[in-house]
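To find a chain, count down the sequence lines: A is the first, B the second, and so on, and within it residues start at 1.
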2 protein chains.
Amino acid sequence: MQPNLAISTVIFALRPDENGRNTLMIPLVKRIREPHLGKWALPGGPLVGNESLDEAAARNLRETTGLTPRYLEQLYSFGAPERSAGAAAERVVSIVYWALVGTDEADRAVESENVHWLAADCLPELAFDHNLIVEYALWRLRAKLNYSRVAHGFLGEEFTLAQLREVYEIVLGRPLDKGNFRRSVEASGAIIPTGRVVAGASNRPPALYTYDKTRSLADRGPLNKPSDY
Amino acid sequence: MQPNLAISTVIFALRPDENGRNTLMIPLVKRIREPHLGKWALPGGPLVGNESLDEAAARNLRETTGLTPRYLEQLYSFGAPERSAGAAAERVVSIVYWALVGTDEADRAVESENVHWLAADCLPELAFDHNLIVEYALWRLRAKLNYSRVAHGFLGEEFTLAQLREVYEIVLGRPLDKGNFRRSVEASGAIIPTGRVVAGASNRPPALYTYDKTRSLADRGPLNKPSDY
DNA sequence: AAAAGTTAGTGTCACGGTGACACTAAGTGC
DNA sequence: GCACTTAGTGTCACCGTGACACTAACTTTT
């Protein structure tokens with residue numbers, strides 16, 4: 001008997017928490033049936049139709065949360081038979097993706113009784129093995145932040161270096177030196193000054209940058225596709 | 001309609017080629033049915049039963065090639081609908097693993113008309129999208145060599161630094177400085193001198209080492225398991 | 001209008017990892 | 001004892017990076 005195939009996605013965005021501080025958050029859906037009824041779970045659904053895994057993940061993400069990701073990458077496939085934790089339960093293999101959405105986009109997400117953003121670093125007990133999955137996605141995100149440009153997935157078209165640095169500080173959970181951060185980002189060639197500045201604040205106006213769209217957000221070797229920008 | 005689920009594995013080993021030079025090789029099986037009849041393909045099979053994905057990969061590897069891997073890790077899941085390249089063909093989603101086996105173990109592998117070792121860097125056209133899969137596995141292997149200890153998966157219990165360096169040189173495809181290699185490997189603490197040496201050659205006898213078995217071959221974050229040693 | 005405050009952006013120094021390369025050590029074979 | 005071969009050590013220059021002090025530009029306050 002073949003196991004069932006599902007696709008789920010760990011979606012990250014930076015959003016203000018109840019104190020107004022930007023926090024790394026994940027949208028979760030409340031389970032409305034057994035098993036694990038009432039617990040929070042990753043958005044997902046069965047794999048059907050004739051689309052690629054990437055397309056299926058993007059579609060499912062749109063349908064369950066209304067979001068369009070700025071970055072989307074396959075994370076891992078989970079298939080331990082005890083996942084469903086019911087003796088008679090049928091086995092499910094989940095192909096899990098992870099995604100980044102900008103703060104602006106995250107605000108457009110459907111939020112209801114059954115869809116809610118929760119802080120990534122203090123989640124309750126989730127359904128199935130979804131705590132482990134989120135932990136792994138977090139690990140991967142933090143690792144990738146250091147050797148790729150995925151941080152831009154959190155930001156809009158134009159951003160200041162302070163905003164980019166804030167992304168790194170929140171995700172990594174530690175402060176970064178202003179000067180050193182600027183140096184390394186500029187050296188990597190990941191950003192392009194737009195020539196414009198943010199005026200109005202009571203300090204020197206910061207310059208605005210864009211990321212280089214001709215380069216992929218992450219080097220995935222042979223799996224790199226033009227859609228990965 | 002749910003797609004079919006299969007597990008395949010890219011298996012790497014260092015083996016002497018026709019000229020006696022150690023080469024990075026992959027065991028492939030010849031397809032005995034359509035589609036892609038007659039082409040070489042990665043060893044694999046359907047996912048059945050009640051085992052975890054890791055267990056299924058290990059079992060399948062054993063059944064198709066007779067090999068027991070020293071390292072085994074999930075690579076990626078492939079599910080493009082055009083993979084099977086037949087209009088009426090049913091869709092297959094493959095969860096692909098990659099594995100390392102020692103040269104000694106590789107010699108014990110079943111080799112027949114339909115199972116053959118081929119050099120990883122000059123493969124013919126394989127079945128399905130297996131060329132892409134092998135390319136990606138190679139990319140991952142090379143990347144992991146630089147920030148983990150997976151190289152030990154190619155070697156036996158005891159090895160000299162020259163043997164370890166040879167693994168790196170063959171996989172990366174470029175010569176490495178003897179002294180610098182020793183320095184970095186020793187600094188990483190990955191190896192432990194056994195106190196023994198290889199005598200008999202007409203030169204200074206090289207010291208033998210083992211790798212530290214208390215540490216995992218690769219840091220996989222939350223996915224690290226005791227079985228990863 | 002000058003001073004204070006705030007954040008943007010620059011400059012400098014020390015240290016650790018690494019590539020290049022020359023050297024010494026310890027065996028065998030002639 | 002000398003040549004040869006591979007093992008293993010030592011040294012130097014360079015570069016990326018953390019720590020930290022500085023200057024720049026703007027608003028607000030006095």
>> Could you tell me how far apart A:Asn180 (CG) and D:dC15 (C1') are, to the nearest whole angstrom?
In response: 14 Å

> Between D:dA19, C:dA8, D:dG8, which nucleotide gets closest to the side-chain atoms of B:Arg182?
Replying inline: D:dG8

>> In whole Å, I'd like the distance from the NZ atom of B:Lys178 to the C1' atom of C:dA22.
In response: 11 Å

> Does the gap between the ring centers of A:Tyr76 and A:Phe78 come in under 6.0 Å?
Replying inline: yes

> What integer distance in Å separates A:Arg196:CZ from C:dA8:P?
Replying inline: 18 Å

>> Distance check needed: D:dA7 P versus B:Phe181 CZ, whole Å only.
In response: 12 Å

>> Both A:Glu186 and B:Ser184 contact DNA chain C. Which one's nearest nucleotide lies toward the 5' end?
In response: A:Glu186

>> Of the listed nucleotides (D:dA7, C:dC13, D:dT28), which one gets closest to any side-chain atom of A:Arg183?
In response: C:dC13

>> As a test of reading the structure: which of D:dC20, D:dT9, D:dA7 is closest to the side chain of B:Pro206, going by heavy atoms?
In response: D:dA7

>> Taking the ring of A:Tyr136 and the ring of A:Trp98, is the distance between their centroids below 6.0 Å?
In response: no

> Is the closest side-chain heavy-atom distance between B:Leu126 and B:Lys39 below 4.5 Å?
Replying inline: no

> Looking across every strand, which nucleic acid part, if any, lies under 4.0 Å from B:Ala199 by heavy atom: base, sugar-phosphate, or nothing?
Replying inline: nothing

> Between D:dT6, D:dA19, C:dA26, which nucleotide has the shortest distance from any of its atoms to the side chain of B:Asn203?
Replying inline: D:dT6

> How about A:Arg59: does its CZ atom have over 12 heavy atoms from other parts shown lying under 6.0 Å from it?
Replying inline: yes

>> Whole angstroms only, please: what is the CG-P distance between B:Asp177 and D:dG10?
In response: 15 Å

> Is the closest side-chain donor-acceptor distance between A:Thr210 and A:Glu158 under 3.5 Å?
Replying inline: no

>> At a heavy-atom distance below 4.0 Å, what parts of residues 152-171 of chain B sit against DNA chain C?
In response: none

>> For a 4.5 angstrom cut-off between non-hydrogen side-chain atoms, does A:Leu100 reach A:Leu141?
In response: yes

> Contact class for A:Ala207 vs. all strands (heavy atom < 4.0 Å): base, sugar-phosphate, or nothing?
Replying inline: sugar-phosphate

> Which one, C:dA8, D:dA7, C:dC21, comes nearest to the side chain of A:Arg204?
Replying inline: C:dA8

>> Closest-nucleotide mapping onto DNA chain D: is A:Arg174 or B:Val197 further toward the 5' terminus? I mean the 5' end.
In response: B:Val197

> Counting side-chain heavy atoms from CB outward, which of D:dG18, D:dT28, C:dT10 is closest to A:Ser202?
Replying inline: D:dT28

> Between A:Leu208 (CG) and C:dA8 (P), how many Å, whole number?
Replying inline: 12 Å

> Any side-chain donor paired with an acceptor under 3.5 Å for B:Tyr168 and B:Arg174?
Replying inline: no

